[in-house]
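This report concerns only the one structure given below.
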Protein chains: 2
Amino acid sequence: MQMDERKRKILRAIVQDYIATAEPIGSRTIARKFDLGVSSATIRNEMADLEELGFIEQPYTSAGRIPSDAGYRYFVDCLMDPQELNAEEMEIIERESSKRINELQEVIAHTGKLLSELTNLTSLVLGPHKGKSTFGKMHFLPYQPGQVIMVIVKENGAVENHILDVGENLSAEELQHVAEVFNQKMRGYSISQVKRSMLHEIYSELSRQRLLIDNAMDMLRAILDGKEEDERIHLGGTLNMLNQPEFKDLAKVKTLFKVFEDNEPLKKLLTPRQEGLNVTIGGENTLKEFRDCSLISATYKVNGLTIGAVGVLGPTRMDYAKVIAIVDFMTRSMTEILTRRRR
Amino acid sequence: MQMDERKRKILRAIVQDYIATAEPIGSRTIARKFDLGVSSATIRNEMADLEELGFIEQPYTSAGRIPSDAGYRYFVDCLMDPQELNAEEMEIIERESSKRINELQEVIAHTGKLLSELTNLTSLVLGPHKGKSTFGKMHFLPYQPGQVIMVIVKENGAVENHILDVGENLSAEELQHVAEVFNQKMRGYSISQVKRSMLHEIYSELSRQRLLIDNAMDMLRAILDGKEEDERIHLGGTLNMLNQPEFKDLAKVKTLFKVFEDNEPLKKLLTPRQEGLNVTIGGENTLKEFRDCSLISATYKVNGLTIGAVGVLGPTRMDYAKVIAIVDFMTRSMTEILTRRRR
DNA sequence: TGTTAGCACTCTACCTCGATGAGTGCTAAC
DNA sequence: GTTAGCACTCATCGAGGTAGAGTGCTAACA
């Protein structure tokens, strides 16, 4: 059996109607609502075919039909009209984007908020991964008696500071010396690459500042090994899910929100299999908790390099055309903002 | 009408049973479950009195009784046996506390997690407020060409760093000079206290580094004016609420979670009216969304100074004795950890 | 006078049952 | 190939009926 134009029209009608109403739709309603020029009986026959092809299914005998995952997939790939953002959405984005945004965190928070507000769904934003954390440079600054500020510049340019105990009062010269030794030996190394021999060398050159070095190494371990805040998934509009009729069941809400609490699976989900825009529908999802959901995700770039991703999660019954348009637009906008920020 | 010993016993039985079962309880069940030495008819009479006194109420005619807010209040104030943590809880806390915790953020996250796990309720933790943000000291460190790291030490000891454009390449000496001028003029001032005259002085002393100063001032404004991350309420175990029978209604969940998304009201709620432990029951709550909830909150100290608070939020039907014991213990533990951290 | 047994009454939760209506598949006519 | 007609299915909804928990009142009892 083949898909012909009429079957396509009917499938499109079913998907569109179900997206709009969340109710199964029957042949008679299709005949009434959509002007296909054939009777409900004909549509009925075609629907039987569509069911056999796996594109639609019945929740129970003598209910209407709803699209299957495969049906949504066919819709997204072959039937959907690409959509532009409407004037209102454009205006919201314009207005929001005109606000001055400095920090990366703000861009992320902002993008997530906008995404979830425009789609009425849940947004996921993965901040730019900064690559391997390797040691760049170390500085010491005076703080309280017996304590200094250690400023670490990682090789990727990230800067962090931490308070460090130095035990006895060390002079500025001594501190500078310690920093220089570290800078010389460790530049470009990650913590796991620090060999025993390297440590030996540092200790032997700085035998007197043992406490300081121990503390500094502890701190470096924590900094270079630690999870980057930016690698967390930022969720927005999780409550929007509660407005979806498919989540009027409390048990479903619970399992869904449980997944939201755990960062790693989400990160894996969002880390793109390929660049650009991805649509993952229902059961295509690797997370079984999301088998009733679809995810529209896309990557964004800075200076031509893909460094992060955003996504919108909703029930499989989501307005694909609109959400795709929004996600596409937002990643472009994000790329632009982040590129502008760079000097 | 007066409360006598028997009324007290009956009220205690009602509260305890309702806390355990979440079901209204009737006179016969009380007579069976609790050995009060009187018949159900007598208990019935007493219950009529208790209802008249406002301590219990009927959801509908011929249902059992449940405690009213006033009933819980009387229970907490007069009837409740103070409770010790049990062995299992002790062990969990011991085990968790033995982990090495460095950063304040970790202490907060950790406390929240523990609180929500032990109580199966939602925890709220308000980090230590750091007082007014006033300028302490400024440093510059080399970064990329045309950019420097500006390290700001606030007067309360907090340290932050930010990347700053400096326009033309400035020498280390020039940068140090700029920092010195700022340090001299601004120490101890908040942004709102910076007068036009002060700015004039700075500009006139540093006429050549106009761009740097503008950028630095922008940054200072953002840093000193900005919300402290620590002043956010950290929520833990919000999903636990979904396990409470009183939140099997989706609409209630929605309004509750909506409140969780907004920081300010929660902050106000947790900011203690008085030191030590507070119990706020149902309608005593200022937030109308929490009128079915109770909040057990307590402050914690560092070096004798009250600097933050934690709380546990649950349905009014919560195990007050246990939660109070846990919150009390955790604030003590938190005080201890934070004091130990201080040198 | 306080306590208790007994009883009529109330009200929810739950079940059953039939009506309703949307929808289907099949068949035969066009 | 298309359509009208028809018997059939099944979820939903409301009505009615029952069970059970609980109450308040009254009268008897110690």
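Below, each value reflects all heavy atoms present in this structure, side chains not excepted, and no hydrogens, waters or symmetry copies.
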Tell me which one of A/R12, A/R65, A/K33, A/R32 satisfies salt bridge (charged side-chain N to carboxylate O under 4.0 Å, His left out) with A/D17.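 The option that passes is A/K33.
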Which letter, B, S or -, goes with each nucleotide of nucleotides 2-8 of chain C from 5' to 3', with contact meaning a protein heavy atom under 4.0 Å? -SBBB--
So if I take residues 10-34 of chain A and measure heavy-atom distances to DNA chain C, which residues fall below 4.0 Å?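 Output list: A/G26, A/S27, A/T29.
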Heavy-atom contacts under 4.0 Å between residues 60-70 of chain A and DNA chain C, which residues?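 DNA chain C contact set from residues 60-70 of chain A: A/S62, A/A63, A/G64, A/R65.
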Check the pair B/E289, B/K258 against salt bridge (charged side-chain N to carboxylate O under 4.0 Å, His left out), reporting the backbone distance first and the verdict last. CA-CA 9 Å; B/E289 289 87 349; B/K258 201 109 207 164; over 6 Å; no
Strictly by modelled atom types, are A/S294 and A/Y72 linked by a side-chain donor-acceptor pair under 3.5 Å?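 No, no side-chain donor-acceptor contact under 3.5 Å.
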Heavy-atom distance under 4.5 Å between the side chains of B/D262 and B/L266, does that happen here?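 No. Closest side-chain heavy atoms not under 4.5 Å.
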B/I93 versus B/M330: any side-chain heavy-atom pair under 4.5 Å?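 Contact flag for B/I93/B/M330 side chains = yes.
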Give the dot-bracket line for DNA chain C from 5' end to 3' end: parentheses for intra-strand Watson-Crick or G-U pairs under 3.5 Å, square brackets for crossings, | for inter-strand pairing, dots for unpaired. ||||||||||||||||||||||||||||||
Within this structure, what is the [atom1]-to-[atom2] distance between [X] and [N], rounded to whole angstrom?
X	N	atom1	atom2	value
B/L50	D/dT23	CG	P	12 Å
A/Q58	D/dA11	CD	C1'	13 Å
A/M47	C/dA22	CE	P	15 Å

Within a 6.0 Å radius of atom [atom1] on [X], are there more than 12 heavy atoms belonging to other residues, nucleotides or ligands?
X	atom1	value
A/K7	NZ	yes
B/E261	CD	yes
A/R28	CZ	no

Verify, without hydrogens or angle tests, whether A/N263 (side chain) and A/I233 (backbone) share a donor-acceptor contact under 3.5 angstrom.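 Judged by distance alone, yes, a pair lies under 3.5 Å.
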Distance-only donor-acceptor hits, side chain of residues 237-247 of chain B, under 3.5 Å, sequence neighbours excluded:
| residue | atom | partner | partner atom | Å |
| --- | --- | --- | --- | --- |
| B/N240 | ND2 | B/S116 | O | 3.2 |
| B/N240 | ND2 | B/L121 | O | 3.0 |
| B/N243 | OD1 | A/K254 | NZ | 3.0 |
| B/Q244 | OE1 | B/R317 | NH2 | 3.1 |
| B/E246 | OE1 | B/R317 | NE | 3.1 |
| B/E246 | OE2 | B/R317 | NE | 3.1 |
| B/E246 | OE2 | B/R317 | NH2 | 2.8 |

Can A/R8 and A/E5 be counted as an ion pair, charged N to O under 4.0 angstrom?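 Here A/R8 pairs with A/E5 in a salt bridge, since their nearest N and O are under 4.0 Å apart.
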Sorted by first residue and then second, give each ring-ring contact (aromatic ring centres under 6.0 Å, His included) pair with at least one member in residues 13-65 of chain B; sequence neighbours left out.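 Every ring-ring contact (aromatic ring centres under 6.0 Å, His included) pair that includes a residue of residues 13-65 of chain B, provided the two are not neighbours, is B/F55-B/Y74.
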Pairwise distance OG1(A/T122) to CZ(A/F260) - rounded to 0.5 angstrom: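 Interatomic distance, A/T122 OG1 to A/F260 CZ, rounded to 0.5 Å: 4.5 Å.
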